[in-house]
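As structure tokens, the structure follows; a few thoughts come after it.
All ligand and atom numbering here is 1-based and tracks the order in the structure. Just so you know, these numbers use all the heavy atoms, side chains as well, and skip hydrogens, waters and symmetry mates.
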Amino acid sequence: MNAPRKQPAILIIYTGGTIGMYQNAQTGALCNFDFDRLVSYVPELQRFGYQLDSYTFPHPIDSSDMSPDNWVELVRIISDHYEQYDGFVVLHGTDTMAYTASALSFMLEGLSKPVVLTGSQLPVGALRTDGKENLLTAIEIAAARDKNGQAMVPEVCVFFESRLMRGNRTTKINAEGFDAFRSFNYHSLAHAGIHLRFERQYIRRVDANTPLTPHFRLDRNICVLTLFPGIQREIFDAILGVKNLKAVVLKTYGAGNAPQREWLREVLSHLRQRGVVVVNVTQCSKGTVEMARYESGLQLLQNGVVNGYDSTIECVVTKLMFLLGEGFEGEELRLKFEN
Ligand code: ASP
């Protein structure tokens, strides 16, 4: 006879964001309140029959204030509680949720338990809030097991409205609608309708016995530069002057193209000589960088620019911070990044 399955234990980590905000009567602006007040708006939590515990950031924040230090804090909380819980739900503001999800996906090496990030567009106390459903479904996903008792989604992911998406493939696309996130270049991992339908073929397969190796170092000596028609050399020169700069994310056009200017090639070659890695990401939401397709892209490839393929900007930024934090720089970073 199989041993009876114990009830799932889920740790809810509350970082802040609209889900837990209220309207300041004087200013009319939204500010954070604490987790206990948030829970008081969701009495349904009692009905799960799971062990639900919480951990609250000492000062819940608007996610515009999220920083690499907070990602380290999250990794510390998850790794310190890893053995005690079957899954983790991170309540987070929507603005930078995709950055946090991407960062965690790199920093939690060997993860074999669900880490589900969610939040909402309307505070949980608002009448038409999307926060309740997002929270309740995220908990259900974090607790979901297959028939062998293995976690259904053993990876860092974002749940919003009705979609579960891979964390480092997700982008916020809507500042207003409830349907606020997309994963343009990778399939959804699950859909929530009448049933929760998991797309097992797209979900990471892991060995549940792999130990978690948390990483705590990030290096923020990077910058993001978006091309636009008419961009001037002075902008690039200013970047060349940034002390300690180790990598640049270049947001190019279409399949990874840039204006064909001699000065741009010169700047790129200076950056390379200085050991600054330049990664090419397209400004398009969907599709991939193919630098050999046009001459306007080929010039970048020939000047040592690294291919960011179909990555989101959030993914590239956090991957660079992570790899730099691990001590990879210059040529080593280039190789590591493309692997
Ligand atoms: N400004 C808020 C935040 O990101 C927006 C939200 O949560 O939806 O914290």
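Closest to atom 6 (C) of ligand 1 among all protein heavy atoms lies Thr18 OG1, 2.8 Å. With respect to atom 9 (O) of ligand 1, the closest heavy atom belonging to the protein is Ser63 N, 2.7 Å. Summary of contacts: the protein heavy atom closest to atom 8 (O) of ligand 1 is Thr94 OG1, 2.4 Å. Nearest protein heavy-atom contact of atom 1 (N) of ligand 1 is Asp95 OD2, 2.8 Å.
Under the 4.5 Å side-chain heavy-atom criterion for Ile, Leu, Val, Met, Phe, Trp and Tyr, Tyr55 and Ile10 are members of distinct hydrophobic clusters.
Contact of the Thr318 side chain with the Glu314 side chain is not registered, since no non-hydrogen atoms from C-beta on lie closer than 4.5 Å.
Considering backbone and side-chain atoms alike, Thr96 places every N or O at 3.5 Å or more from each N or O of ligand 1.
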Just list the side-chain donor-acceptor pairs under 3.5 Å for residues 152-160, sequence neighbours left out, or say none.
residue : atom : partner : partner atom : Å
Glu155  : OE1  : Arg166  : NE           : 2.7
Glu155  : OE1  : Arg166  : NH2          : 3.4
Glu155  : OE2  : Arg166  : NH2          : 3.1
Glu155  : OE2  : Arg204  : N            : 2.8

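Heavy-atom proximity to Gln121, at under 4.0 Å, picks out these atoms of ligand 1: 8 (O). If you number the atoms of ligand 1 from 1 as listed, the ones under 4.0 Å from a heavy atom of Gly17 come out as 7 (O), 9 (O).
Remark: Glu331 engages Arg272 in a salt bridge, criterion side-chain N to carboxylate O under 4.0 Å.
A cation-pi arrangement is absent between Lys132 and Tyr41 under the rule of less than 6.0 angstrom and at most 45 degrees off the ring axis. With Phe216 as the aromatic partner, Arg76 meets the cation-pi criteria of under 6.0 angstrom to the ring centre and within 45 degrees of the ring axis.
The shortest heavy-atom distance from Ser120 to ligand 1 is under 4.0 Å.
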